[in-house]
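Just below is one structure, and these are the notes that go with it.
Whatever order the structure lists ligands and atoms in, that order sets their numbers, starting from 1. Predicted model only: the values in this text are computed from it and were never measured.
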Amino acid sequence: MAPPHPRDPSTASNYEQVSVSHYVVKWNVDFDKKCIAGDVKLVLDVKQETSEVILDTRELTIRSVSCASNGETKEVEYAMKDNGALGQKLIVSTALLKAGDKPVLTVKYESSNNAAALQFLTAEQTTDKVAPYLFSQCQAINARSIVPCMDTPSVKSTYEAEVCVPVGLTCLMSAIGQGSKSSECGKHTIFSFKQPVSIPSYLLAVVVGHLERKEISDRCAVWSEPSQAEAALYEFGETEKILKVAEDLVGPYVWGRYDLVVLPATFPFGGMENPCLTFITPTLLAGDRSLVNVIAHEITHSWTGNLVTNFSWEHFWLNEGFTVFIERKIHGRMYGELERQFESESGYDESLVRTVNDVFGPDHEYTKLVQDLGSADPDEAFSSIPYEKGSALLFTVEQKIGDNARFEQFLKSYIQKYAYKTVSTEEWKEYLYDTFSDKKVILDNINWDLWLHKAGLPPKPEYDSTLMRACKDLANKWTAEGSEAPTDGEVFEKMSNSQKLAVIDAIRVNKGIFGDRMPSLTATYKLDQAKNAELKFSWLMLGLETKWTPIIDASLAFALAVGRMKYCKPIYK
Ligand SMILES: CC/C=C\C/C=C\C[C@@H](O)/C=C/C=C/C=C\[C@@H](O)CCCC(=O)O
Ligand SMILES: [Zn+2]
């Protein structure tokens with residue numbers, strides 16, 4: 001029997017004694033002060049007798065706290081205590097609360113003008129330069145900077161919200177919109193939302209801006225600034241198709257709506273799986289739908305991550321490794337098994353190897369799959385390790401079991417078993433052994449300790465390298481000792497964007513041999529005209545790594561034009 005979950009080290013909340021079943025949020029968004037002010041009601045669920053409720057905060061100014069219990073509401077004492085890198089803890093002293101009580105705390109507060117979860121943009125910083133813009137990013141532990149909460153994935157709560165924004169702007173949240181009304185003064189619009197599915201605090205999300213909506217299907221739409229609306233509608237036109245493939249793989253979609261919002265260029269990630277409203281970077285607007293694997297990834301989070309959730313950030317691979325593995329299953333169903341094999345091997349060769357060897361070093365704690373975060377902010381540990389090491393583990397397990405259909409059925413039943421709950425690595429592993437009790441010898445043959453708890457690279461799974469071999473063969477023509485570099489781009493042009501990327505990545509691995517061939521490579525494959533952000537980034541990095549000085553201006557221009565950390569950090573580094 002898997003042990004009970006240990007305590008989540010990234011929260012100060014006393015969530016073992018009291019949890020939050022529902023939040024009622026009332027926000028005024030102040031673009032002048034760059035802050036959110038308002039109040040939040042926390043409907044509590046007392047599990048063990050206690051006379052205090054401890055919440056996570058970060059740079060919040062608390063105005064008052066009251067507690068409604070047994071029909072009586074009164075102001076209560078509270079104190080703020082420093083919690084180091086994790087912010088500040090709000091300790092609320094209540095009357096003695098007994099198991100089964102459901103008191104309601106009301107906290108009136110204001111965020112700082114530098115809230116970790118928020119980016120306030122001036123009109124000038126947006127794409128259309130028409131109006132100011134606000135968006136949030138709460139994963140991993142930034143929700144505490146915009147609402148006092150139990151900021152741990154171990155607590156799941158429904159929420160409802162009313163958000164007051166300047167008239168003319170649209171507000172969206174990670175919830176189902178309930179309509180809007182004008183404020184009494186006429187200068188503001190109040191938008192209402194409900195999220196009826198219990199979610200962890202990191203999935204709270206808000207966006208406010210000059211937005212236009214384009215319908216994709218009955219349940220899917222894409223929001224963006226008006227100048228990008230047509231391009232976004234084309235780029236993400238397959239969203240409903242991807243959603244249906246995902247449902248066939250892992251079960252029904254329970255969130256109602258699946259909308260996308262294309263954010264301004266400063267959004268730091270490729271996508272963020274906020275329920276009902278995935279946030280995405282404009283760098284996905286390649287013009288040829290060549291980066292929609294990110295959409296498949298975020299859609300998949302509707303099951304792995306948002307329904308079945310890691311109980312703490314030390315088990316983040318349960319969110320991301322499963323999502324990458326299933327994202328590639330979707331890719332395989334849409335484009336063929338060889339494509340799934342190719343994407344999986346690319347992930348290992350390019351992302352995992354580079355992160356272990358070049359970013360952290362093979363002995364680093366953060367190259368472990370299950371990590372010891374201690375009191376560090378989980379953001380410090382964020383990398384592709386949980387994504388690629390986690391999905392490589394699942395690829396290995398499926399391959400050793402030797403029955404993909406049966407393994408896919410296992411994934412579906414695992415999601416059904418832990419839906420709406422939080423899960424640990426040990427619980428997943430126990431369910432795996434229970435499901436495949438006839439394969440115990442095979443499963444025991446997996447070096448679990450190495451895969452789960454050791455730093456460095458795991459054994460490389462056996463991929464079908466048919467598509468990858470063509471990429472490495474072409475790369476070798478540029479890097480093999482004494483080779484004659486190709487003089488025409490015909491073979492390269494016929495490749496998919498993913499294969500083109502793999503060619504450049506393979507050259508990067510052999511950059512020393514490649515030498516000073518950047519000018520001819522760039523001209524032969526027209527890389528300076530690449531619209532696909534992944535290909536452009538890899539070309540820029542190859543130029544920087546081979547110290548081809550003409551690439552510097554293009555690299556800085558790219559880093560200044562996009563805020564996606566995946567691109568900016570390596571270029572600046
Ligand atoms: C081991 C680390 C444990 C927890 C970290 C959790 C979150 C870190 C925080 O920085 C938020 C990350 C959000 C990522 C969102 C989407 C990614 O899938 C994008 C990956 C890179 C990209 O495509 O831009
Ligand atoms: Zn993800």
*Given side chain to side chain donor-acceptor pair (under 3.5 Å), test Thr323 with Thr300 step by step and report yes or no.*
CA-CA 6 Å; Thr323 297; Thr300 303; over 6 Å; no
*asked:* My understanding is that only one of Val208, Leu118, Val207, Val261 makes a side-chain contact (heavy atoms from CB on, under 4.5 Å) with Phe135; could you say which?
replied: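 Testing Phe135 for a side-chain contact (heavy atoms from CB on, under 4.5 Å) against Val208, Leu118, Val207, Val261 leaves exactly one candidate, Val207.
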_With side-chain contact (heavy atoms from CB on, under 4.5 Å) as the test, pick out the partner of Val222 among Thr239, Thr278, Ile295, Leu260._
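Going through Thr239, Thr278, Ile295, Leu260 one by one, the side-chain contact (heavy atoms from CB on, under 4.5 Å) with Val222 is satisfied by Leu260 alone.
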*Can Arg564 and Thr281 be said to form a side chain to side chain donor-acceptor pair (under 3.5 Å), step by step?*
CA-CA 7 Å; Arg564 191 171 173 183; Thr281 168; 5.0 Å; no
*Picking from Glu337, Glu398, Glu343, what satisfies salt bridge (charged side-chain N to carboxylate O under 4.0 Å, His left out) with Lys329?*
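Answer after filtering Glu337, Glu398, Glu343: Glu398.
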_Any side-chain to backbone donor/acceptor pair from Tyr159 onto Ser174? Under 3.5 Å, distance only._
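Checking the backbone N and O of Ser174 against the side chain of Tyr159, a donor-acceptor pair under 3.5 Å is found.
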*asked:* Between Ser145 and Arg58 (side chain of the first, backbone of the second, donor and acceptor by atom type, cut-off under 3.5 Å), is there such a pair?
replied: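 Not a single qualifying donor-acceptor pair exists.
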*Contacts of Ala221 that satisfy side chain to side chain contact (heavy atoms under 4.5 Å, CB included) - sequence neighbours left out*: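 Here the qualifying residues are Arg213, Glu215, Arg257, Asp259.
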*asked:* Going by the rule side chain to side chain contact (heavy atoms under 4.5 Å, CB included), which residues pair with Val254 if we only count those two or more places apart in sequence or in a different chain?
replied: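 Partners of Val254 under the side chain to side chain contact (heavy atoms under 4.5 Å, CB included) test: Leu307, Tyr420.
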*Under-2.8 Å protein N/O/S neighbours of the Zn ion (ligand 2), ordered by chain then residue number*: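 Listed by chain and number, the atoms are His297 NE2, His301 NE2, Glu320 OE1, Glu320 OE2.
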Considering only N or O atoms, set out every pair between ligand 1 and the protein closer than 3.5 Å, with distances to one decimal place.
unit_1   : atom_1 : unit_2 : atom_2 : d
ligand 1 : 10 (O) : Asp379 : OD1    : 3.1
ligand 1 : 18 (O) : Tyr387 : OH     : 3.0
ligand 1 : 23 (O) : Arg564 : NH2    : 2.7
ligand 1 : 24 (O) : Gly270 : N      : 2.7
ligand 1 : 24 (O) : Arg564 : NE     : 2.9

